Amino acid sequence: MNNVAVVTIDGPSGVGKGTLAQYLTCKTGFHLLDSGAIYRALAYGAVANQLALDDVASLEKLATELPVEFKATSIIYQDADVTSKVRTEEVAAVASTVAAIPEVRAALLERQKAFAESPGLIADGRDMGTVVFPAAPVKIYLTASAEVRAERRVKQLKTQGIDANIAQITQDIRERDERDANRKAAPLRPAEDAVVIDTSDLNIQDVCQKAESLLWEKGLMK
Ligand code: DC
């Protein structure tokens, strides 16, 4: 796995990391690591098992044994398809809380590193470039204002027929940013060698083009 090309994409929620990661995965034929989905699956499991969110020993044990599998675009937890269940705002809030526990992060580290297989990996998360793959040749950090991200989330929910309150979503995003950026373990921040792209005034096609040019420059695409 040492010589496998890894592209890291980090940044706060709702900034377009998932869309960019999928785009680059299609373009390169690399594997995809959606590390947020691992934290969400852990959160889902914690709630299903009625674990207290400060019960570090039980959360660490669950993280070590986490019965989650990724099959194409589906997330399978103990043989049940939980793809849409882990995408709720409630699960996201629990994920952000359990993700702040250093023991939990350490328990998930090797599992994430194992995704780096030939021909390469597109790794989407918060600490991909800083902690999980610090030697990655291409590191991208996406950013955008909380308001812009909330608007995008509301639009996305509308397409799913879900009515959302923009003020509430903006507040949820701010709270999650605050927790993710201020935690001691692997806080959300760009790696020193990351290319930072502010997506506030860009459409997703522009973001994908910029990222793709970076991969060309680094010789990761032919
Ligand atoms: O990317 P996402 O919204 O699916 O992530 C859900 C939560 O998981 C997010 O609030 C922070 C946490 N997370 C993390 O701490 N580290 C990662 N590499 C990915 C996600």
Side-chain angles (χ1 to χ4, degrees), residues 6-22 24-25 31-47 53 56 59-60 62-63 66 68 70 73-75 77 82-116 121-134 136 139-144 146 148-150 152-154 156-157 164 169-191 194 199:
V6 177
V7 177
T8 61
I9 306 174
D10 290 305
S13 358
V15 76
K17 300 187 302 285
T19 310
L20 175 61
Q22 263 164 20
L24 292 180
T25 303
H31 298 280
L32 172 67
L33 165 60
D34 174 359
S35 61
I38 297 182
Y39 285 96
R40 284 171 185 263
L42 176 68
Y44 173 83
V47 172
L53 300 187
V56 174
L59 290 168
E60 184 183 6
L62 180 62
L66 198 65
V68 69
F70 297 93
T73 53
S74 300
I75 304 169
Y77 191 97
V82 296
T83 316
S84 50
K85 285 189 180 153
V86 303
R87 291 282 156 224
T88 64
E89 293 297 313
E90 291 74 21
V91 168
V94 175
S96 161
T97 304
V98 295
I101 303 171
E103 290 84 348
V104 162
R105 302 197 74 84
L108 293 174
L109 197 57
E110 286 311 312
R111 187 177 197 128
Q112 295 175 82
K113 285 182 190 276
F115 278 76
L121 178 70
I122 308 293
D124 161 350
R126 303 290 188 290
D127 61 342
M128 298 295 100
T130 49
V131 175
V132 184
F133 301 109
K139 296 181 184 175
I140 298 168
Y141 187 90
L142 299 185
T143 177
V148 166
R149 286 182 284 135
R152 288 177 188 162
R153 179 75 181 140
V154 169
Q156 188 189 34
L157 289 170
I169 301 258
T170 311
Q171 191 187 327
D172 289 350
I173 284 181
R174 285 224 175 87
E175 281 171 13
R176 221 179 313 152
D177 282 0
E178 175 91 7
R179 258 199 309 268
D180 294 347
N182 293 324
R183 67 187 179 210
K184 286 210 177 74
L188 172 66
R189 63 173 174 79
T199 75

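If you're wondering where the values come from, they're calculated on a predicted model, not measured in any experiment. Atoms within a ligand are numbered from 1 in the order they appear, just like the ligands themselves.
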Self-check item: CA sep, side-chain torsions, deciding dist, call: Arg126, Asp10, salt bridge (Lys or Arg N to Asp or Glu O under 4.0 Å)
Solution: CA-CA 5 Å; Arg126 303 290 188 290; Asp10 290 305; over 6 Å; no
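- Here the closest heavy-atom approach between residue Ile9 and residue Ala21 is recorded as CD1-CA, 3.7 Å.
- Some N or O of Arg126 is nearer than 3.5 Å to an N or O of ligand 1, by distance alone.
- With no hydrogens or angles considered, a side-chain donor-acceptor pair links Ser96 and Arg179 at under 3.5 Å.
- When every heavy atom of Tyr77 is checked against every heavy atom of Gly45, the shortest pair comes out as OH-CA, 3.2 Å.
- Residue Tyr39 has no N or O atom closer than 3.5 Å to an N or O atom of ligand 1.
- In terms of N/O distances under 3.5 Å, ligand 1 is not approached by Gln112.
- Between Asp127 and ligand 1, at least one pair of N/O atoms sits closer than 3.5 Å.
- Taking every non-hydrogen atom of Arg176 and a distance limit under 4.0 Å, the qualifying atoms of ligand 1 come out as 10 (O).
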Exercise. Just do the salt bridge (Lys or Arg N to Asp or Glu O under 4.0 Å) check on Arg40 and Asp34 with the steps written out, would you?
Key: CA-CA 10 Å; Arg40 284 171 185 263; Asp34 174 359; over 6 Å; no
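- Residue Ser13 has no N or O atom closer than 3.5 Å to an N or O atom of ligand 1.
- Around CD of Glu175, the count of heavy atoms belonging to other residues, nucleotides or ligands within 6.0 Å exceeds 12.
- Only the side chain of Arg183 comes within contact range of ligand 1, with a heavy atom under 4.0 Å; no backbone atom does.
- Protein heavy atom nearest atom 16 (N) of ligand 1, with residue, atom name and distance: Arg105 NH2, 3.0 Å.
- Scanning the protein heavy atoms around atom 20 (C) of ligand 1, the nearest turns out to be Gly36 CA, 3.5 Å.
- Residue-ligand proximity: Met128 is placed with a non-hydrogen atom under 4.0 Å from ligand 1.
- Only side-chain heavy atoms of Asp180 come within less than 4.0 Å of ligand 1; its backbone N, CA, C and O stay farther off.
- The nearest protein atom to atom 19 (C) of ligand 1, hydrogens excluded, is given as Ser35 OG, 3.4 Å; this is a heavy-atom distance.
- Counting heavy atoms from C-beta outward, Leu66 and Ile38 have side chains that approach closer than 4.5 Å.
- Distance from atom 3 (O) of ligand 1 to its nearest protein heavy atom, with residue and atom name: Arg40 NH2, 2.9 Å.
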Exercise. Take Arg105 and Asp127 through the test salt bridge (Lys or Arg N to Asp or Glu O under 4.0 Å) and record every step on the way to the result.
Key: CA-CA 10 Å; Arg105 302 197 74 84; Asp127 61 342; 2.9 Å; yes
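- Remark: minimum distance from atom 7 (C) of ligand 1 to any protein heavy atom is reached at Ala95 CB, 3.8 Å.
- Counting only heavy atoms of the protein, atom 12 (C) of ligand 1 lies nearest to Ala99 CB, 3.8 Å.
- For the residue pair Gln156/Arg153, the side-chain donor-acceptor check at 3.5 Å is satisfied.
- At under 3.5 Å, not a single nitrogen or oxygen of Asp124, backbone or side chain, sits near a nitrogen or oxygen of ligand 1.
- With contacts defined as side-chain heavy-atom distances shorter than 4.5 Å, the pair Val94/Tyr39 does not qualify.
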